[in-house]
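Every chain is numbered from 1, with letters handed out A, B, ... down the list of sequences.
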Amino acid sequence: MKNELVIEKLTQIADLLEIIGESVYKIRAYRKAVDSLQQTAEDIEVIVQEERVKELPGIGDAISEKIKEIVVNGNTIYLDKLTQKVPVQVTSLMKIEGIGGKTAGKLYKELGIKSITDLEEAIESGLLAELPGFTEKKIAKITRALTFVKSERRPLFKVIPIALNLKTFLEGIDQIQSVEIGGSIRRRKSTIRDIDLHAIGKEEDFELIMDIFSQMDSVEVIVVKGPLKTTVKLTNGINVDLRILKEQSSGSGLIHSTGSRNHTVKLRTIADRNNLLLNEYGLFDEEGKTLIASTTEEEVYKAIGMSFIPPDIREDRGEIELAQKNSLPDLISLDDIKADFHVHTNWSDGKSTIDEIAFTATERNYEYLIITDHFGKNPIYNPMNEEKIAKQRKTIEQINQSSSVEILQGVECDILKDGSLSIPNKLLRDLDFVIASVHSIFNMSEEEMTMRIITAMDNEFVNGIGHPTGRQLDRRDGYSINFSKIIEKCIETKTFLEINANPNRLDVDDNVVFDFKNKIDFYIGTDSHNHQQLKNIGYGLNIARRAWCEKKNILNTLTSKELLKKLA
DNA sequence: GCCGTTTTCGGCCCGACTGTTTTCAGTCG
């Protein structure tokens with residue numbers, strides 16, 4: 001898929017326009033187009049072929065033509081023309097905190113600085129200090145920023161404990177009444193760039209609170225510091241924003257802190273259209289004098305004419321328009337989940353017995369559970385074989401006689417290089433649920449990998465594709481596959497895609513589920529290797545909720561009878 | 001450059017912090 005290429009080129013255009021000093025609205029339009037593409041799991045080539053590019057929000061005549069050009073030629077003449085004025089390399093300067101388009105443009109125009117290395121040399125040689133406006137203080141700020149490693153996205157599960165620690169620390173400060181975690185953590189994105197905290201206190205204490213916050217042991221450097229908003233970089237490299245507001249602004253402030261940016265921008269636009277002013281302090285009349293709503297989020301949403309929007313879906317993907325019509329989707333919740341579809345036991349590489357897993361499933365109020373131990377040749381998985389499958393079946397039958405949770409016997413087999421499976425068909429016939437996954441040989445082209453998975457789906461016994469992209473959030477990107485083609489095959493062969501709830505996988509991504517949930521069915525599997533990991537189902541639910549899934553979109557909400565009927 | 005519950009033309013969210021050009025531009029979220 002060429003989606004990444006298109007995103008890269010449009011971002012370069014936006015950056016260059018900023019450096020050149022073009023209209024901020026034109027720049028914004030390109031950035032919006034990039035946002036839109038990033039929220040799409042569909043193959044941009046397919047979208048181009050089917051002439052649906054302009055259906056993407058924020059993409060009109062001009063940008064759609066450039067997208068077509070990039071898809072066909074790998075580049076667009078418009079970008080070439082821009083790079084004649086400013087080399088594309090100059091955009092790398094904008095990756096430094098505190099340097100935007102204007103500064104980058106000045107550095108290039110006045111001193112010919114094109115790269116971070118050039119900039120370091122110009123500081124070293126004293127050349128930069130000769131440039132008007134670049135005082136000692138400003139250069140010191142840039143120098144400091146150069147030592148920052150720009151914070152990278154990290155898996156949600158790794159950031160949550162850090163955020164909770166900060167929350168606990170701040171709640172321990174007498175002058176703070178309450179603390180909420182906002183931002184992308186509250187929206188439950190799979191990966192997180194920085195931590196947004198929102199505290200409530202009394203105005204006279206704001207400065208003291210910020211002093212305490214910015215002097216925490218875990219702070220590496222203070223990025224910005226004011227009485228209302230402070231940003232610090234922790235020693236572990238994560239940026240933390242703290243916003244303090246008075247109690248009166250709790251709701252409007254939390255909406256602001258939670259975002260997403262595009263969501264809040266749309267809310268403010270709607271308020272403005274109704275001659276109201278919305279900011280983090282509240283919803284006001286046009287002059288900003290009379291306060292209309294601010295204490296709770298519900299109150300603010302209601303006052304601008306819509307129902308409450310759950311944080312998980314605040315991405316400006318149409319949720320605001322539905323909230324205005326009071327017709328938001330009834331998002332799936334934990335109570336709807338009747339089973340886990342992907343669980344390993346000590347029959348293969350899991351650590352828990354089937355009994356232990358069954359007991360934990362009972363505690364979770366599940367009705368049933370699908371055991372899917374590995375079958376294959378790789379000894380690392382302590383894989384099942386024909387004999388073990390038969391024995392395990394007997395064990396399951398015994399447990400089912402006394403357990404309140406019904407156990408189904410499934411399997412997770414390998415999709416081999418040629419798309420065949422690591423288990424003979426004669427064994428698949430008697431299993432309740434067959435997951436096929438890629439576990440080896442990742443370095444294939446997108447076409448080859450797509451074909452490999454499609455071939456596996458042609459096997460009539462395969463029910464689901466496990467962790468479809470193979471991504472591990474803290475280790476490797478997934479292999480590229482063409483989702484448009486995979487989905488077509490899913491429809492043809494009635495195969496389901498997995499939402500792998502292992503918090504380091506979260507595979508497939510919520511964009512995939514969002515785009516295709518009405519075409520195929522998805523199931524959530526924790527891929528648990530011990531009974532404690534059954535609780536990871538919550539991470540899978542995050543994906544489903546962010547993708548606007550209702551009960552009907554997720555197979556785990558079916559009873560075992562309904563599921564087996566569907567499989568038959 | 002995009003878009004339409006006043007508009008196919010004229011708008012485009014709002015505010016905090018920084019450093020400096022002492023009234024504001026640049027950057028960021």
Nearest of [options] to any side-chain atom of [X]?
X: A:T103; options: B:dG1, B:dG26, B:dC14; result: B:dG26
X: A:K102; options: B:dC14, B:dT18, B:dT27; result: B:dT27
X: A:R261; options: B:dG29, B:dG1, B:dG19; result: B:dG29

On a whole-Å scale, what distance lies between the [atom1] atoms belonging to [N] and [M]?
N: B:dC17; M: B:dG11; atom1: C1'; result: 28 Å
N: B:dC13; M: B:dG4; atom1: P; result: 14 Å
N: B:dC12; M: B:dT6; atom1: P; result: 14 Å
N: B:dT8; M: B:dC3; atom1: P; result: 16 Å
N: B:dT21; M: B:dG26; atom1: C1'; result: 12 Å
N: B:dT23; M: B:dT18; atom1: C1'; result: 15 Å

Query - Note: A:K485-A:E45 ion pair, threshold 4.0 Å (strictly below) - result: no

Requested in this report: Please determine if A:K106 and A:E110 form a salt bridge, counting it only when a charged side-chain N lies under 4.0 Å from a carboxylate O.
Outcome: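 No.
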
Whole-Å distance separating the [atom1] atom of [X] from the [atom2] atom of [N]:
X: A:K95; N: B:dC28; atom1: NZ; atom2: P; value: 12 Å
X: A:K141; N: B:dT27; atom1: NZ; atom2: P; value: 10 Å
X: A:H198; N: B:dG15; atom1: NE2; atom2: C1'; value: 16 Å
X: A:H263; N: B:dC14; atom1: NE2; atom2: P; value: 15 Å
X: A:I142; N: B:dG19; atom1: CD1; atom2: P; value: 11 Å
X: A:R268; N: B:dG29; atom1: CZ; atom2: P; value: 15 Å

Phosphate-side-chain proximity, [X] and [N], N/O vs OP1/OP2 below 4.0 Å:
X: A:R28; N: B:dC13; result: yes
X: A:Y30; N: B:dG1; result: yes
X: A:Y281; N: B:dA16; result: yes

Report task. For A:R268 and A:H256, run side-chain hydrogen bond (donor to acceptor under 3.5 Å, both in side chains): C-alpha distance rounded to whole Å, both residues' side-chain angles, the deciding distance at 0.1 Å, then the answer. Result -> CA-CA 10 Å; A:R268 288 169 178 195; A:H256 173 80; 3.1 Å; yes

Query raised in the report: Looking at A:R546, A:R545, A:R187, which hits salt bridge (charged side-chain N to carboxylate O under 4.0 Å, His left out) with A:D312?
Result: A:R545

For [X], answer base if it contacts any base atom (sugar-phosphate contacts may also be present), sugar-phosphate if it contacts only those atoms, and nothing otherwise; contact means non-hydrogen atoms under 4.0 Å.
X: A:K66; value: sugar-phosphate
X: A:G183; value: nothing
X: A:I96; value: sugar-phosphate
X: A:L267; value: nothing
X: A:L278; value: sugar-phosphate

Query raised in the report: Any side-chain donor-acceptor pair under 3.5 Å between A:S260 and A:R314?
Result: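 Note: A:S260 and A:R314 side chains miss the donor-acceptor criterion.
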
Query raised in the report: What are the residues of residues 221-243 of chain A, sorted by number, that bring a heavy atom to within less than 4.0 Å of DNA chain B?
Result: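 The stretch gives A:V224, A:K225, A:G226, A:P227, A:L228, A:K229, A:D241, A:R243 as the residues lying under 4.0 Å from the strand, ordered by number.
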
Query raised in the report: Between A:A62 and A:N274, which is nearer to the 5' end of DNA chain B once each is assigned its nearest nucleotide?
Result: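 The residue mapped nearer the 5' terminus is A:A62.
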
Report task. Answer yes or no for A:K289 and A:F284: cation-pi contact, defined as NZ/CZ to six-membered ring centre under 6.0 Å and angle to ring axis within 45°. Result -> no

Query raised in the report: Within 45° of the ring axis of A:F134 and under 6.0 Å from its six-membered ring centre, is that where the NZ or CZ of A:K138 lies?
Result: yes

Query - A:Y30 and A:Y78 aromatic ring geometry - parallel, tilted or perpendicular at 30°/60° bounds - result: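 It falls in the parallel class, under 30°.
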
Query raised in the report: Within a radius of less than 6.0 Å around CG of A:D217, do more than 12 heavy atoms belonging to other residues, nucleotides or ligands occur?
Result: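 Atom CG in A:D217 is not crowded, with 12 or fewer foreign heavy atoms closer than 6.0 Å.
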
Query raised in the report: Taking a pair as Watson-Crick or G-U wobble with both distances under 3.5 Å, which nucleotide is matched to B:dT8?
Result: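 Per the H-bond distance test, none.
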
